[in-house]
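For reference, the structure discussed in these notes is given below.
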There are 2 protein chains.
Amino acid sequence: MTTKSYNSFFMNFANPTKFSILMALTEGPLNVTRITKKINEEQSKVSHNLKKLEQCHILNVKQRGKQRIYSLNSQTVIPMIRLIKKHVKNHCKECDKREI
Amino acid sequence: MTTKSYNSFFMNFANPTKFSILMALTEGPLNVTRITKKINEEQSKVSHNLKKLEQCHILNVKQRGKQRIYSLNSQTVIPMIRLIKKHVKNHCKECDKREI
DNA sequence: ATTTTATATGAAATCTTTTTCATATGACAA
DNA sequence: TTGTCATATGAAAAAGATTTCATATAAAAT
């Protein structure tokens, strides 16, 4: 069944580190060091998270010399972000003020 | 910020119990007992999970006598399911065969 | 009033994911 | 062929989420 793939897929959006990596990449592909700087996190933390994002095909990688350039699977990620933003806008006027 | 709302939102899709509740409700609204039977889980487990789904406005509730009838926020949930299915179909031909 | 049915809730226990830290690998340059 | 830069990885520790179990609440029926 696909339930497990679904779960791991959504996990990648349900974590602050992974989500901020996605956000960082909306402006274009970046290598690991750049991502690390942009979101201000540890390199190994970023790498572990990138791995999962890649495994679920949410990100693509290509090698350039000793660098690895990560880019969004924008076909999936952009509509997803659009969807959640719309949801929050329409249904969560005061979600942030509450503890969830 | 909205990062926390985003996280909790996606959490609701990234868990087998919650996801199967959502699936159970795609065919129409149900009360707790019916959901419990349909997905074959403990009542309190179901209630705990329903609570989070409701808090994020992924589900709506209405009271009918002593029953509580839960229904999908289909405006959000249906497109979300469509999106993930498309993603898996297009990008995860062999995701299930691998450990993620 | 008491019982029954439907559902919710709190807290501890369990399970899963994420982070951290130390180290490995791999490409390129000197 | 050694050093350095970029990134990955394994395993233990920490953090977080989920489940469980016992119990509470609340509406309706008796």
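Chain naming here is simple, since letters A, B, ... match the order of the sequence lines and numbering starts at 1 in each. In this text the structure is predicted, and so the values were computed from the model without any measurement.
At least one side-chain nitrogen or oxygen of B/Arg68 sits closer than 4.0 Å to the OP1 or OP2 atom of C/dA8. Regarding contacts with the backbone of D/dT18, a side-chain N or O of B/Lys52 is found under 4.0 angstrom from either OP1 or OP2. The side chain of B/Lys45 contributes no N or O atom lying less than 4.0 Å from OP1 or OP2 of D/dT18. Phosphate contact (OP1/OP2 of D/dT9, side-chain N/O of A/Ser47, threshold under 4.0 Å): absent. Distances shown here put a side-chain N or O of B/Lys51 below 4.0 Å from the OP1 or OP2 atom of C/dT9. The side chain of A/Tyr70 contributes no N or O atom lying less than 4.0 Å from OP1 or OP2 of D/dA6.
Side-chain atoms of B/Asn12 and B/Lys18 include no donor-acceptor pair closer than 3.5 Å. Under 3.5 Å, the side chains of A/His87 and B/Gln75 contain no donor-acceptor pair of N or O atoms.
If you take NZ of B/Lys18 and P of C/dC15, they are 17 Å apart, rounded to a whole angstrom. In this structure, CD1 of A/Ile69 is placed 7 Å from P of D/dT7, rounded to the nearest angstrom. The distance from atom CZ of B/Phe10 to atom C1' of C/dT18 is 19 Å, rounded to the nearest whole Å. When rounded to the nearest whole Å, the span between CD of A/Glu54 and P of D/dT7 equals 14 Å. Residue B/Leu50 contributes atom CG, which lies 13 Å from atom P of D/dT18 at whole-angstrom precision. Computed from coordinates, the B/Lys37 NZ to C/dT5 P distance equals 11 Å when rounded to whole Å. For the pair B/Ile35 CD1 and C/dA6 P, the computed distance is 14 Å after rounding to whole Å. The CG atom of A/Asn49 sits 9 Å away from the C1' atom of C/dT19 (whole-angstrom rounding).
Listed candidates were D/dA17, C/dT19, C/dT9. Nearest to the side chain of B/Met11 is D/dA17.
Between A/Tyr70 and the options A/Ile21, A/Leu30, A/Leu25, A/Asn60, a side chain to side chain contact (heavy atoms under 4.5 Å, CB included) holds for only A/Leu25.
Judged by centroid separation below 5.5 Å and plane tilt below 30°, A/His48 stacks onto the base of D/dT9.
Taking for each of A/Lys66 and A/Glu42 the nucleotide of DNA chain C with the nearest heavy atom, the 5'-most of the two is the partner of A/Glu42.
Within the 4.5 Å cutoff, no side-chain heavy atoms of B/Val77 are placed close to those of B/Leu59.
Here A/Ser44 lies in heavy-atom contact (under 4.0 Å) with a base.
Evaluation of atom-type donor-acceptor distances gives a pair under 3.5 Å for the side chain of A/Gln43 against the base of D/dA8.
Distance alone, capped at 3.5 Å, places no donor-acceptor pair between the B/Glu54 side chain and the B/Cys56 backbone.
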